[in-house]
Amino acid sequence: MIARAPRRLLPILLLAALAVFANAAEAPETPEKVLESMKAELGPAFHYRVTRCFAVASDAPERALDACCRNTLEACYDAYMKQFFKAKPTAPFRVYLFKDAASYTGNATRIFGEMPDTPYGYYTHEHRALVMNIATGGGTLVHEMFHALVVADFPGIPTWANEGFASLFEQCGIGPEGLTGYVNWRLPILQKAIKEGALPPLRQIMTMTSAEFYNDRQGKYAAARYFMLYLQEKGLLVKLYQTFRDRFAEDKTGVKFVEEVLGQKLEAFEPGWRKWAMALKAQP
């Protein structure tokens, strides 16, 4: 004879079973599972790796892929986590490292249904994917990694700060304390805008909508980067990020926290910052 559950327990058992199925359905993807779908998508001509929270595919030589995983994805992920982020990503990211412009343009268009609007690479939040023409170097990958990783830690970060931090590290070094941004190709853009009187005030840049910021004919993007470089040189960069993230509800533009960290109003600070920026020298 098969023992039957008492009638009063049936609803409880049914709810428990439904909970098990619900939990299984909601189980997050792993990098390994994501990688399997990428293999089906790209085929045997690509090499595949899993590292940290990244499922990585590349048609570059294996040696180059391994170096990128070790020196960029792993090293920069660890540095970002050490320097800035408390919260880790809750799901894996896809990373496509295409070997050249033809592979990048052709594969990105086929996979995502539209032509890339940059020759270097980009992050698509919708697909949790970093898509790179790795022949152009690893700087864009480090930049886009910030955009990907910051979502879990500081989901409300405004555009000027998101792009300022990310672009700071598109040319950088890695040391014991984390990442250090260097002067890069955006400097002449900033200096030209300052010299011609075209650069909006920092307060205006920090309170712009995303659309206004990305309409970048006035050096706004470069200004955000070199404002972050200034904070880095003064040892204030991490403090600003952490203060802004932890007290975001007090001021979603960040101006309040910028002024707290600087110890003065932006209008008093800005003339000296512009003079500092004009004195910087482009690196060879």
Side-chain angles (χ1 to χ4, degrees), residues 20-99 103-104 107-114 116 118 120-134 137-157 162-163 165-166 169-170 172 174 178-179 241 245:
V20 169
F21 285 121
N23 289 337
E26 294 172 4
E29 283 190 301
T30 64
E32 290 76 13
K33 287 182 179 179
V34 171
L35 198 67
E36 289 305 311
S37 68
M38 294 173 74
K39 288 179 180 179
E41 180 181 66
L42 295 168
F46 281 70
H47 307 294
Y48 301 93
R49 299 287 186 275
V50 167
T51 182
R52 302 296 189 268
C53 58
F54 306 111
V56 190
S58 179
D59 55 350
E62 280 194 275
R63 190 172 180 178
L65 171 59
D66 290 337
C68 187
C69 286
R70 181 176 61 253
N71 299 328
T72 303
L73 288 170
E74 294 175 7
C76 293
Y77 174 89
D78 293 346
Y80 276 138
M81 289 298 164
K82 180 177 182 179
Q83 260 178 300
F84 296 105
F85 305 140
K86 292 190 298 186
K88 292 184 178 181
T90 56
F93 297 98
R94 296 167 178 255
V95 181
Y96 298 89
L97 304 177
F98 298 116
K99 65 181 179 180
S103 177
Y104 165 68
N107 281 295
T109 302
R110 177 177 62 83
I111 294 168
F112 301 107
E114 58 184 4
T118 166
Y120 308 107
Y122 59 94
Y123 170 62
T124 163
H125 179 66
E126 178 185 358
H127 302 96
R128 294 185 65 84
L130 296 100
V131 187
M132 300 291 132
N133 172 6
I134 203 62
T140 301
L141 179 55
V142 183
H143 176 130
E144 301 302 336
M145 282 175 66
F146 184 90
H147 292 324
L149 297 174
V150 77
V151 174
D153 192 66
F154 189 175
I157 188 170
N162 197 352
E163 294 296 354
F165 282 107
F169 300 120
E170 64 198 5
C172 69
I174 304 177
L179 298 170
Y241 176 86
R245 176 197 62 202

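What you are looking at is a predicted structure, and each value in this text was computed from that prediction instead of being measured. We're numbering straight along the sequence, starting at 1.
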### Query
If you take all heavy atoms of Gly138 and Thr72, which pair is closest and at what distance?
O-CG2, 4.4 Å
#### Entry: Leu73 side chain reached by Leu141 side chain, heavy atoms, under 4.5 Å
yes
### Task
Drop me the distance from Tyr122's OH to Glu144's CD, to the nearest 0.5 angstrom.
10.0 Å
### Query
Does a side-chain heavy-atom distance below 4.5 Å link Arg110 with Asn107?
yes
### Task
Evaluate the criterion side-chain contact (heavy atoms from CB on, under 4.5 Å) for residue pair Tyr104 and Thr118; output intermediate values, then yes/no.
CA-CA 10 Å; Tyr104 165 68; Thr118 166; 3.8 Å; yes
### Task
Return yes if some donor-acceptor pair links the side-chain N/O of Asn133 with the main-chain N/O of Gly121 below 3.5 Å, else return no.
no
### Query
Should Glu41 and Arg94 count as side-chain neighbours, where that means a heavy-atom distance under 4.5 Å?
yes
### Task
Name all residues meeting the ring pair (Phe, Tyr, Trp, His ring centres under 6.0 Å) criterion together with Phe165; count only those two or more places apart in sequence or in a different chain, and write none if there are none.
Phe84, Phe146, Tyr241
### Query
In terms of the angle between their ring planes, are Tyr96 and Phe112 parallel, tilted or perpendicular, with boundaries placed at 30° and 60°?
perpendicular
### Query
Taking side chain as C-beta onward, heavy atoms only, is Phe98 less than 4.5 Å from Val131?
yes
### Query
Looking only at heavy atoms, which two atoms of Ala64 and Ala60 are closest? And how far apart?
CB-CB, 4.4 Å
## Note on the structure
Residues Pro31 and Ala55: closest non-hydrogen pair is O-CB, 3.6 Å
### Message
If you count heavy atoms of other groups shown closer than 6.0 angstrom to CZ of Phe93, is the number above 12?
### Response
yes
## Note on the structure
By ring pair (Phe, Tyr, Trp, His ring centres under 6.0 Å), His147 pairs with (sequence neighbours left out) His143
### Where at least one partner belongs to residues 53-72, residue pairs that pass salt bridge (charged side-chain N to carboxylate O under 4.0 Å, His left out), sequence neighbours excluded
Arg49-Glu62, Arg49-Asp66
### Query
Is any side-chain heavy atom of Pro89 closer than 4.5 Å to a side-chain heavy atom of Leu149?
yes
### Query
Can you name the salt bridge (Lys or Arg N to Asp or Glu O under 4.0 Å) partners of Glu36, sequence neighbours left out?
Lys39
### Message
So, taking the atom named CD in Glu74 and the one named SG in Cys69, what distance separates them when rounded to the nearest 0.5 Å?
### Response
6.5 Å
### Query
Donor-acceptor pair, Thr51 side chain versus Phe54 backbone, under 3.5 Å?
no
### Query
Looking at side-chain heavy atoms only, is the closest gap between Tyr80 and Val142 below 4.5 Å?
yes
### Query
Listed by chain and number, what are the salt bridge (Lys or Arg N to Asp or Glu O under 4.0 Å) partners of Lys82, not counting sequence neighbours?
none
### Summary
So SG of Cys68 and CD1 of Ile134: to nearest 0.5 Å the spacing works out to 4.0 Å
## Note on the structure
Tyr48 meets the ring pair (Phe, Tyr, Trp, His ring centres under 6.0 Å) criterion, sequence neighbours left out, with none
### Query
Nearest 0.5 Å, what's the CE-CZ distance between Met145 and Phe169?
11.5 Å
